[in-house]
**Q** 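I have a structure I would like to understand better, so I am pasting it below and will then ask my questions one at a time.
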Amino acid sequence: MMLAKCRQKRSLPFPLTKLTLATLLKVCSSQPHQLKQIHALILTTGLSVKNSLVTQLLTNQVILGDVQYARKLFDEMHKPRTFLWNTLIRGYAKNDMPMESVSLFRNMSSLGVRPDGFTFPFVVKASTELPESRAGLAIHAHVVKYGLEYNAVVRNELMMMYVKLGDMGLADYLFETMIERDLVTWNSFIAACVQMGYASKALALFHQMGLARVKPDAVTIVSALSACSQLGCLNIGNKIYESAVNDGMESNIIVENARLDMCMKCGSSHMARTLFDEMHLKNVVSWSTMILGYAVNGKSEEALALFSRMQNEGPKPNYVTYLGVLSACSHAGLVSQGRAYFNYIVNSNDQTIQPRREHYSLMIDLLGRSGHIEEAYSFIIGMPIEPDAGAWGALLGGCAIHKNVKVGQVAADKLFELGADIASYHVLLSNMYASAGRWDYVDKVRLKMRKKCIKKVAAYSSVEFNSKVHMFCSGDKSHPQSSSIYQKLEDLYIQIRSLGYISEVGSVHHDVEMEEKEAVLRVHSEKLAAAFGLINVEPKTPIRVMKNLRTCDDCHNFFKFVSRICMREFIMRDKSRFHHFRNGICSCKDFW
DNA sequence: ATACAATCCC
């Protein structure tokens, strides 16, 4: 409409003024194709367009996401000022082009244009997304050079950068030496720690924040709950939530979703469901959280039932929802259902649910785990996207369970070709050979790991008690209650042996003597954690054990027996799923 | 004259 008027005006003897054009630009800022027409119009007027006008145009394009067009305008400009550099740097950063963002900053710097406090937040953030993540260190030097190290926002962004680089020392230093710490600073630090998996650090900061009398808001609570999800500490999480509500925090759907997730990741799907049913407002994240949560808790029927309810009365499922659906099928061995769901999303015209790498990996996991190794192999070969380490790793996992050395070796070769020298793959491979009795190959893998300095991730388990998370590693003797823990373990062994428990020495993948194997198994971290739980956790309440790696057959069996003789429910979370032990039976039905 | 940092499911 406006544009039509303008064209009309041009045919009359009234000249288009800069003011007209500027107004026009503001009005049309949400219509990209019209903006381009206006730009063409400007060119036909022959008006010497001032930077301010182009600035407006460029800013609009950046907001609309057409960075290429903005770049074109930018390149045509004569000596753009800092603001414009910033705008384009921001444009690249916001459009997931960190490389371009950083290199534009380098251009700017080499041309002698002085960056300001608005330049660095974008550049620093973009630098953390580069493959060469330490590029940010040089940018930090520039920050110092331009005297902006005490600029609150810039410093905040640098602090987060160091958390992402794993340099907590420097992150702490930047935090401690800030002139003032506001709520956003605390929230940024806590959130960055949670994102990088430093959950204990995040909770420590949350506590420290309370001591500093900074009142948390909903954002803080979401991060804190997220930390509790990681640690598996349900009681701490509930306390945090309740005290925030008592302190007048306005709850919102993100907080509620974080709470659902926390319940699920602590093994309390029932509590999650109660909260879910009470929520007035639910979005796709709420539903996906529930479906995925049910899946990892081994409640596939509930997951699929909720999914079908979602299709009838909930929001439109997205690709994450389907990860939950496939995961539910995978954990329950529902092969044909999994295939059907997968075919549905592949054949769907809906771009938003098209399968991604993770969906393919889940399908390979489903097929491999259920023993359809050949099908899993053809599936991976027929993938339209290049299979990544996740896909080959899933195949190797299936082969390790079903002792398929032939396909497993192919998967392992691919993994190493991809440069995926992750310890867990080597361990999987070595375990595969061990279970097939090929000790010669086990030794080869071991040797390779030693040569390449690949260290196994140390196993640990934790139990929450008395508002603390108690950690145990294998053979741990550092806990103050250590002697009673080992005594308890001794008692348990005597009791469960009388019921027929026998150490599954096959779980020890070293070629050593029997007694030695038993000794190794006896002090696995989850057993220590279980004994600790039995000593301390209030009687009749379930004992939650969280483990960072997968549990072994022997520990799985141990928990079954102990749940029976102690009349206690044990909830164990391992790296990929939950095991709910009750009266000698595990919810996973030994399928995992 | 114009602008910058923090939150949920993967």
Side-chain angles (χ1 to χ4, degrees), chain A residues 22 26 50-60 62-63 81-91 93-94 115-126 148 151-161 163 174 178 181-195 202 205 209 216-227 229 249 251-265 272 276 279 282-296 310 315 317-327 356-359 361-362 390:
Chain A
K26 276 225 170 85
K50 273 266 164 60
N51 274 7
S52 65
L53 202 54
V54 183
T55 301
Q56 180 77 51
L57 196 53
L58 196 146
T59 311
N60 284 335
V62 166
I63 292 166
R81 301 229 312 270
T82 299
F83 173 75
L84 271 183
W85 287 91
N86 290 351
T87 308
L88 200 56
I89 287 172
R90 172 176 65 142
K94 290 247 144 90
D116 61 16
F118 291 95
T119 317
F120 286 107
F122 305 125
V123 183
V124 172
K125 189 180 211 150
L148 289 165
N151 173 307
V153 181
V154 174
R155 198 177 184 84
N156 214 337
E157 206 58 74
L158 282 171
M159 172 188 80
M160 292 176 70
M161 177 185 89
V163 178
L174 288 174
M178 257 173 213
R181 286 180 278 278
D182 63 3
L183 182 60
V184 180
T185 309
W186 284 97
N187 285 351
S188 309
F189 202 8
I190 294 172
C193 291
V194 174
Q195 269 175 39
L205 282 167
M209 181 179 169
D217 68 352
V219 176
T220 328
I221 299 307
V222 169
S223 295
L225 292 179
S226 210
S229 302
M249 175 192 64
S251 195
N252 64 38
I253 194 163
I254 301 182
V255 176
E256 296 308 319
N257 288 342
R259 206 167 156 225
L260 286 184
D261 186 52
M262 183 195 69
C263 290
M264 281 299 192
K265 295 225 166 93
F276 178 77
M279 281 167 71
K282 305 177 179 74
N283 61 14
V284 65
V285 177
S286 329
W287 288 84
S288 302
T289 303
M290 289 300 293
I291 293 169
L292 206 66
Y294 273 137
V296 293
M310 180 182 184
N318 64 12
Y319 82 96
V320 183
T321 319
Y322 280 98
L323 291 176
V325 171
L326 292 175
S327 174
R356 308 185 179 199
R357 287 208 160 75
E358 302 99 298
H359 298 90
S361 297
L362 274 169

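Worth saying up front: this structure is predicted, and the values here are computed from it rather than measured.
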**Q** Given B:dA6, B:dA5, B:dC4, which nucleotide is nearest the side-chain atoms of A:Asn187?
**A** B:dA6
**Q** Round to the nearest Å and state the distance from A:Gln195 atom CD to B:dT7 atom C1'.
**A**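 In whole Å, B:dT7 C1' and A:Gln195 CD are 10 Å from each other.
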**Q** Tell me whether A:Arg155 contacts the main-chain N or O of A:Leu174 through its side chain, where contact means a donor paired with an acceptor under 3.5 Å.
**A**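 Confirmed, A:Arg155 side chain pairs with A:Leu174 backbone.
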**Q** Side chain of A:Thr289 only, please: which of B:dC8, B:dT2, B:dC9 is the nearest?
**A** B:dC9
**Q** Nearest-Å distance, CG (A:Asp182) to C1' (B:dC4)?
**A** 13 Å
**Q** From the options B:dC4, B:dA5, B:dC9, select the nucleotide whose nearest atom is closest to the side chain of A:Arg90.
**A** B:dC4
**Q** Is there side-chain contact between A:Asn283 and A:Pro315, with heavy atoms separated by less than 4.5 Å?
**A**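 Not in contact.
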**Q** Look at the side chain of A:Phe118 and decide which nucleotide, out of B:dC9, B:dA6, B:dA3, has an atom nearest to it.
**A**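 The listed nucleotide nearest to A:Phe118's side chain is B:dA3.
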**Q** For A:Gly117, which contact category applies under a 4.0 Å heavy-atom criterion: base, sugar-phosphate, or nothing?
**A**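 The residue A:Gly117 makes base contact.
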**Q** Whole Å only: how far is the OH atom of A:Tyr294 from the C1' atom of B:dC9?
**A**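 About 15 Å, once rounded to whole Å.
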**Q** Backbone N or O of A:Tyr319 within a donor-acceptor pair of the A:His359 side chain at under 3.5 Å?
**A** yes
**Q** For A:Leu225 and B:dC9, give me the distance from atom CG to atom C1', rounded to whole Å.
**A** 14 Å
**Q** In this structure, how many angstroms lie between the P atom of B:dC10 and the CG atom of A:Leu260, rounded?
**A**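 A:Leu260 atom CG is separated from B:dC10 atom P by 12 Å.
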**Q** May I ask you to say what A:Met159 touches in the nucleic acid, namely base, sugar-phosphate or nothing, with a heavy-atom cut-off under 4.0 Å?
**A** nothing
**Q** Can you identify which nucleotide, out of B:dC8, B:dC10, B:dA5, has its nearest atom closest to the A:Asn257 side chain?
**A**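 The answer is B:dC8.
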**Q** Between B:dT2, B:dT7, B:dA3, which nucleotide gets closest to the side-chain atoms of A:Arg81?
**A**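 Comparing B:dT2, B:dT7, B:dA3 against the side chain of A:Arg81, the answer is B:dT2.
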**Q** Between B:dC8, B:dA5, B:dC10, which nucleotide gets closest to the side-chain atoms of A:Ala258?
**A**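 Per side-chain heavy atoms of A:Ala258, the pick is B:dC8.
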**Q** For A:Lys94 and B:dA3, what is the distance between atoms NZ and P respectively, to the nearest whole Å?
**A**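 In whole Å, B:dA3 P and A:Lys94 NZ are 12 Å from each other.
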**Q** Identify which nucleotide among B:dA3, B:dC8, B:dA6 has an atom closest to any side-chain atom of A:Asp261, counting heavy atoms from C-beta outward.
**A** B:dC8
**Q** Send over the distance from A:Phe120 CZ to B:dA5 C1', rounded to a whole Å.
**A**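 Result: 15 Å.
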**Q** Can you check whether A:Lys265 has a side-chain N or O nearer than 4.0 Å to OP1 or OP2 of B:dC8?
**A**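 No, because none of the side-chain N or O atoms of A:Lys265 sits under 4.0 Å from OP1 or OP2 of B:dC8.
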**Q** From the options B:dC4, B:dC10, B:dA6, select the nucleotide whose nearest atom is closest to the side chain of A:Val153.
**A** B:dC4
**Q** For a 4.5 angstrom cut-off between non-hydrogen side-chain atoms, does A:Val123 reach A:Glu157?
**A** no
**Q** Just checking, is any N or O donor in the side chain of A:Asp217 or A:Asn187 under 3.5 Å from an acceptor N or O on the other one?
**A** yes
**Q** Touch check for A:Ser288, heavy atoms < 4.0 angstrom, all strands: base, sugar-phosphate only, or nothing?
**A** base
**Q** So what does A:Asp217 touch, heavy atoms closer than 4.0 Å: a base, only the sugar-phosphate, or nothing?
**A**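 It contacts base atoms.
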**Q** Look at all strands and tell whether A:Lys282 reaches a base, only sugar-phosphate, or nothing, counting heavy atoms closer than 4.0 Å.
**A**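 Nothing, no heavy atom under 4.0 Å.
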**Q** Which nucleotide in the set B:dA3, B:dA6, B:dC9 lies at the smallest distance from any side-chain heavy atom of A:Lys125?
**A**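 The closest nucleotide is B:dA6.
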**Q** Grab the two heavy atoms, one from A:Ser286 and one from A:Leu260, that are nearest each other, plus how far apart they are.
**A**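 Reported closest heavy-atom pair: O-CD1, 4.0 Å.
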**Q** Taking atom types as modelled, find out whether A:Ser251 and A:Glu256 have a side-chain donor-acceptor pair closer than 3.5 angstrom.
**A** yes
**Q** Rounded off to whole Å, could you give me the OH-to-P distance for the A:Tyr322 and B:dC10 pair?
**A**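 Between P of B:dC10 and OH of A:Tyr322: 18 Å.
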**Q** Looking for any heavy atom pair under 4.0 Å, which part of the strands does A:Phe189 touch: base, sugar-phosphate only, or nothing?
**A** nothing
**Q** Identify whether any heavy atom of A:Asn86 sits under 4.0 Å from a base atom; if not, whether one sits that close to sugar-phosphate; answer base, sugar-phosphate or nothing.
**A**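 It contacts base atoms.
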**Q** Mind checking if A:Phe83 touches a base, just sugar-phosphate, or nothing, with heavy atoms under 4.0 Å?
**A**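 A:Phe83: base contact, heavy atoms under 4.0 Å.
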